[in-house]
Amino acid sequence: MTSVDLTGPALLARITELIRDVPDFPTPGVGFKDITPVLADAAAFSAVVAEMAARVDGPVDLVVGMEARGFMFAAPVAVALGAGFVPVRKAGKLPGPTVSREYSLEYGTATVELHPADIPAGSRVLVVDDVLATGGTAAATVELLEGCGAEVVGLTFLVDLEFLGGRARLHGRRVEALLGVS
Ligand SMILES: O=P(O)(O)OC[C@H]1O[C@H](OP(=O)(O)OP(=O)(O)O)[C@H](O)[C@@H]1O
Ligand SMILES: Nc1ncnc2[nH]cnc12
């Protein structure tokens, strides 16, 4: 059992220390932010989940996380908020019926899918992922959710790679990031 005693600037400093910069991964020229050390640190992980859960206004029915790293934060945030969890998966992983969107991200293109049957119309949904980079993944996820009639009440990330401009793709929405990298 771990107590959450990391908050504010101490949490920010700890996250900054733990996230590992990996040059040229997965492709040349990409500066990859490896968040696995945050997951492996019990105090940091629980504090991140608590902080993500705190940065939302009003009730949340569902927390949506994107495969695969998004699942690692979104599922515990859902439990912390007393909300359900819905996975957005890469193409071909969900049995369906699914709705899907193709999108581009910092290092390629992909297709994401979800089960609309898991999203009752009017659901208040929080989207959680580890990294906001170009915003392609998050924007595609918002399109899918809104196509199901959900209300996206916010998007929360561990890291915002600000120099890639992802926030602009989410203009007008509540976007929270625990750490901004400029
Ligand atoms: O803002 P974007 O440019 O869309 O990039 C951000 C996305 O990229 C990463 O996922 P990735 O597709 O690498 O999958 P993974 O979580 O399975 O590693 C990350 O977890 C975000 O979902
Ligand atoms: N630079 C990066 N580091 C980690 N995850 C990412 N997803 C997209 N770009 C990324």
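Hydrogens, waters and symmetry mates play no part in the numbers below; they use all other heavy atoms, side chains included. Positions are given from 1, in the same order as the sequence printed here. All ligand and atom numbering here is 1-based and tracks the order in the structure.
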Novice: Could you walk me through whether Glu67 and Val112 satisfy the side-chain contact (heavy atoms from CB on, under 4.5 Å) test, starting with their C-alpha distance in whole Å, then the side-chain angles of each, then the deciding distance to 0.1 Å, before giving a yes or no?
Specialist: CA-CA 9 Å; Glu67 183 175 356; Val112 278; over 6 Å; no
Novice: Taking only heavy atoms of Glu67 into account, list the atoms of ligand 1 that are under 4.0 Å away from them.
Specialist: 14 (O), 15 (P), 16 (O), 17 (O)
Novice: So for atom CZ, which belongs to Arg20, do other residues, nucleotides or ligands contribute more than 12 heavy atoms lying within a distance under 6.0 Å?
Specialist: no
Novice: When the ring planes of Phe45 and Phe73 are compared, do they come out parallel, tilted or perpendicular, using 30° and 60° as the limits?
Specialist: perpendicular
Novice: Give me the atom names and distance for the closest heavy-atom approach of Leu12 to Thr16.
Specialist: O-OG1, 2.6 Å
Novice: Looking at atom 10 (O) of ligand 1, what's its closest protein heavy atom, distance included?
Specialist: Arg69 NH2, 3.6 Å
Novice: Between Met66 and Thr137, which heavy-atom pair has the shortest distance, and what is it?
Specialist: CG-CG2, 3.9 Å
Novice: Show the nearest heavy-atom pair for residues Ala47 and Leu11, with the distance to one decimal.
Specialist: CB-CD1, 3.7 Å
Novice: Tell me which part of Thr137 gets within contact of ligand 1: side chain, backbone, both or neither, using heavy atoms under 4.0 Å.
Specialist: both
Novice: Do any N/O atoms on Leu105 end up under 3.5 angstrom from N/O atoms on ligand 1?
Specialist: no
Novice: So between Val131, Thr134, Leu132, whose heavy atom ends up nearest atom 3 (O) of ligand 1?
Specialist: Thr134
Novice: side-chain contact (heavy atoms from CB on, under 4.5 Å) for Leu132 and Leu170? Distances and angles first, verdict last.
Specialist: CA-CA 10 Å; Leu132 174 63; Leu170 304 170; 3.9 Å; yes
Novice: Going by the order shown, which atoms of ligand 1 are within less than 4.0 Å of some heavy atom of Tyr107?
Specialist: 8 (O), 9 (C), 11 (P), 13 (O)
Novice: Report the part of Asp130 (side chain from C-beta onward, or backbone N, CA, C, O) that has a heavy atom under 4.0 Å from ligand 1; answer both or neither where that applies.
Specialist: side chain
Novice: Could you check atom 22 (O) of ligand 1 against the protein and tell me its nearest heavy-atom contact, residue, atom and distance included?
Specialist: Asp129 OD2, 2.5 Å
Novice: Just which atoms of ligand 1 are under 4.0 Å from any heavy atom in Glu106?
Specialist: 3 (O)
Novice: Name the closest protein heavy atom to atom 5 (O) of ligand 1, giving the residue it belongs to and the distance to 0.1 Å.
Specialist: Ala133 CB, 3.6 Å
Novice: Indicate yes or no: does an N/O atom of Tyr103 lie under 3.5 Å from an N/O atom of ligand 1?
Specialist: no
Novice: Give the residues near ligand 2 by chain and number, with the criterion being a heavy-atom distance under 4.0 Å.
Specialist: Val30, Gly31, Phe32, Lys33, Arg69, Glu106, Tyr107, Val131, Ala133, Leu161
Novice: Quick one: are Val175 and Phe157 in side-chain contact, heavy atoms under 4.5 Å?
Specialist: yes
Novice: How close do Ala83 and Val60 get, heavy atom to heavy atom, and via which atoms?
Specialist: CB-O, 3.5 Å
Novice: Quick one: do Val86 and Ser123 satisfy side-chain contact (heavy atoms from CB on, under 4.5 Å)? Show the steps, please.
Specialist: CA-CA 12 Å; Val86 172; Ser123 299; over 6 Å; no
Novice: So for Ala138, does at least one of its heavy atoms come nearer than 4.0 angstrom to any atom of ligand 1?
Specialist: no
Novice: Which ligand 1 atoms are under 4.0 Å away from a heavy-atom of Ala68?
Specialist: 15 (P), 16 (O), 17 (O)
Novice: Considering all heavy atoms of both residues, which atom of Leu126 and which atom of Leu155 are nearest to each other, and what is their separation?
Specialist: CD1-N, 4.2 Å
Novice: Going through the distances and angles, do Thr156 and Val77 end up as a side-chain contact (heavy atoms from CB on, under 4.5 Å)?
Specialist: CA-CA 10 Å; Thr156 301; Val77 168; over 6 Å; no
Novice: Taking heavy atoms and a distance under 4.0 Å, where does Lys90 meet ligand 1: side chain, backbone, both or neither?
Specialist: side chain
